[in-house]
Protein chains: 2
Amino acid sequence: MRNLDITTLRSFVAVAESGGVTRAAGFLHLTQSAVSMQLKRLEELLGLDLFDRSGRTIALTASGEQLLVFARRMVALNDEVITRLTDQAYEGEITLGVPHDIVYPAIPRVLKQFHAAFPRVKVQLDSSYTRRLKAEFAKGACDIILTTETGMDAGGEQLCTKPLCWVGAPGGSAWRQRPLKLAFGRQCTFRPRVVEGLDAADIPWDVVVETESDRTIEATVSADLAVHTMIEGTEPPHLDRIEHGGALPDLPMHSINLYGAGGAVNEVHDALVGFLRRAFAAPDATALRAVANR
Amino acid sequence: MRNLDITTLRSFVAVAESGGVTRAAGFLHLTQSAVSMQLKRLEELLGLDLFDRSGRTIALTASGEQLLVFARRMVALNDEVITRLTDQAYEGEITLGVPHDIVYPAIPRVLKQFHAAFPRVKVQLDSSYTRRLKAEFAKGACDIILTTETGMDAGGEQLCTKPLCWVGAPGGSAWRQRPLKLAFGRQCTFRPRVVEGLDAADIPWDVVVETESDRTIEATVSADLAVHTMIEGTEPPHLDRIEHGGALPDLPMHSINLYGAGGAVNEVHDALVGFLRRAFAAPDATALRAVANR
DNA sequence: ACATTCTTAAAGCGAATGTTTTTGATATAA
DNA sequence: TTATATCAAAAACATTCGCTTTAAGAATGT
């Protein structure tokens, strides 16, 4: 199969649009002769007349018109990919803050998608507590943050609302014990709400693990030594949601909010926001995980 | 703006798909060295790593994946336009027979569309009487014919049904005269039907012009010396449909039929058939003309 | 250790692609 | 009509590009 040449196609389009070889040559920073020869070679390659040269002005033949459509598309594709791959606008770094309890399972997928779309932009993931993330965002240390809150501050955007739910070891019975044994992170934002709920239901409780380490919590819970609470749909693989049938209080809804979407900063930024919206605003996080597991 | 090279992109795609420079070089009928150099130049042009060369096998980087999408599209566009413009399948001649009374206004538009889509296919237009066209088609002298008939033969396709209508000079009064003065072509298929209708309505009539020339008929009618009948929607610019309010008999419906569509001969043939279908099967020929006049 | 595969490099050669200059054709004005 | 300006094509020439061949070296998996 013969190959066209983008340079030549660009000249061809310029000639068709400017209606003259000399004029086009001016735009292209080439001599009239060079453009003329390009056109000649193009016609030879295709074995066709592309121009009607009767008359002083140069007009396209039907074949020329047809080529023009393709030439425009090919030049546009060329320019688009060159821009995407080399333009400074498409390289840089974005800092994304995400509470660690909602990193899984959505964020890895988002990062993957984003990297495929903007391979030259580095996403610095800052996984921490909602409280700290909001502080970082306020300082400008994070470009975009997600939060898990019961309310929402000004400038935020609610992506979805999910109930907090009880999680424990698969098939475990720790949730039947009284006092209820809890495992909590030291900074956990959910803690006061959970405690409130338990007190209101007159359920005695006891914090048996208090740590900074999520690993420790997960290990304790999966050993059925305590229960924990998480946003529905973010349970890690070896922990299950507890079907307590009303034995434990229902916990309040939390919303997953996004800060930093305002003001259409640039295409790259907006794309990341778009991926995040789609990942969380989707029907159901559990359903999403099912899809991801396929 | 830098320009990519289709040859190089083709190699790039081949390497990405075959997973190796040597293998790709084989497909491309180039030496391994040449392909390697092409890739190197491509990476230099973009200032990017496109391949992850750690490991024996050659893998794409994220940038490479992104380029691959565009490269495929550009190569596909290249091949498509080359095929369209140079493939023998897209050149040749089609003979189209059309009764001269329905040439206007649809056929010129169809021919224009078709020429834009297949500039290297010549359409030989044979404008004649339905009877002769059917004979030509039966002999194989026409590839496709349109006819105006009250019925339809086997192998035909009815495009639309239109009433025959009375036409005369704009604002003319020839249609009030008795005997009614008629202008007819010598071969006109409508004639027997018209005569039947008039006889049935007890309207005396008289053929004042009998000729082979459409021009003569049009001239006579536009001078208000006689009336004529045509398929609705095919009136030429200087003749008008007569609003006789029942003073003249209604004339039978005629269908516009197409022969030669059967059996999916080839893409070019089918495209012409498609244009014809769209031109005549459209809601109303009068409406079409209004669109064309814009 | 061996085979495979990719990278890099150098030399040679032909084709491609540009520039400058010239020629020819066509429209516009005198 | 003749003169003139404009534009496209052609001719002559120089340069660069890109492929082949050949060969050496590095990385990797068997």
Side-chain angles (χ1 to χ4, degrees), chain A residues 1-61 63-64 67-68 71 74-75 78 82, chain B residues 1-61 63-64 67-68 71 74-75 78 82:
Chain A
M1 181 66 68
R2 279 162 284 185
N3 293 323
L4 296 170
D5 172 27
I6 300 290
T7 310
T8 304
L9 292 183
R10 203 184 287 281
S11 299
F12 173 75
V13 172
V15 170
E17 284 179 351
S18 70
V21 176
T22 308
R23 223 157 322 158
F27 287 117
L28 298 163
H29 303 293
L30 291 173
T31 59
Q32 170 271 318
S33 201
V35 176
S36 200
M37 283 161 76
Q38 284 183 339
L39 298 184
K40 189 185 164 193
R41 283 196 299 270
L42 185 58
E43 286 183 313
E44 270 167 11
L45 179 81
L46 296 170
L48 292 172
D49 286 340
L50 297 172
F51 295 98
D52 178 3
R53 284 154 166 114
S54 65
R56 219 150 97 99
T57 176
I58 206 162
L60 288 177
T61 62
S63 294
L67 177 61
L68 182 59
M74 291 176 73
V75 170
N78 175 84
I82 293 279
Chain B
M1 180 67 67
R2 278 162 286 185
N3 294 324
L4 297 170
D5 173 27
I6 300 291
T7 310
T8 304
L9 292 182
R10 204 184 285 282
S11 299
F12 173 74
V13 172
V15 170
E17 284 178 352
S18 69
V21 176
T22 308
R23 227 157 319 159
F27 287 116
L28 297 164
H29 303 293
L30 291 174
T31 59
Q32 172 272 319
S33 195
V35 176
S36 199
M37 281 157 68
Q38 285 182 338
L39 298 184
K40 189 184 163 191
R41 282 196 298 270
L42 186 58
E43 286 183 312
E44 271 167 11
L45 179 80
L46 295 171
L48 292 171
D49 287 341
L50 297 173
F51 295 99
D52 177 3
R53 281 146 167 123
S54 65
R56 216 154 105 96
T57 175
I58 204 162
L60 289 177
T61 61
S63 295
L67 177 62
L68 181 59
M74 290 176 74
V75 170
N78 175 85
I82 292 280

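Note on naming: letters A, B, ... go to the chains in the order of the sequence lines (proteins, then strands), and numbering restarts at 1 for each one.
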### Query
In whole angstroms, how far is the P atom of dT8(C) from the CZ atom of R41(B)?
13 Å
### Query
Looking at the side chain of L30(A), which of dT19(C), dA9(C), dC6(C) is the nearest nucleotide?
dT19(C)
#### Entry: F12(A) to G64(A) - nearest heavy-atom pair and separation
CZ-O, 3.5 Å
### Query
When all nucleic acid strands are considered with a 4.0 Å heavy-atom cut-off, which category describes S36(B): base, sugar-phosphate, or nothing?
base
### Query
Just how far, in rounded Å, is C1' of dG25(D) from CD of Q32(B)?
13 Å
### Task
Calculate the interatomic distance between M37(B) atom CE and dG18(D) atom P; express it in whole Å.
9 Å
### Task
Take T61(A) and F51(A), measure what side-chain contact (heavy atoms from CB on, under 4.5 Å) needs, and give me the verdict at the end.
CA-CA 5 Å; T61(A) 62; F51(A) 295 98; 5.6 Å; no
#### Entry: Options dT17(C), dA9(C), dC19(D), nucleotide nearest the side-chain atoms of D5(A)
dT17(C)
### Task
Quickly work out the L42(B) CG to dG18(D) P distance and round it to whole Å.
12 Å
### Working for side-chain contact (heavy atoms from CB on, under 4.5 Å), residues D5(A) and Q38(A)
CA-CA 10 Å; D5(A) 172 27; Q38(A) 284 183 339; 5.6 Å; no
### Summary
Among dG18(C), dC6(C), dT22(D), the one nearest any side-chain atom of S33(B) is dT22(D)
### Task
Would you mind reading off the distance between L50(B) atom CG and dC6(C) atom P, rounded to a whole angstrom?
16 Å
### Query
Rounded to whole angstroms, how far apart are CG on N3(B) and C1' on dT17(C)?
14 Å
### Message
Distance check needed: dT17(C) P versus E44(A) CD, whole Å only.
### Response
11 Å
### Task
Provide, to the nearest angstrom, the distance between the NE2 atom belonging to H29(B) and the C1' atom belonging to dT21(D).
19 Å
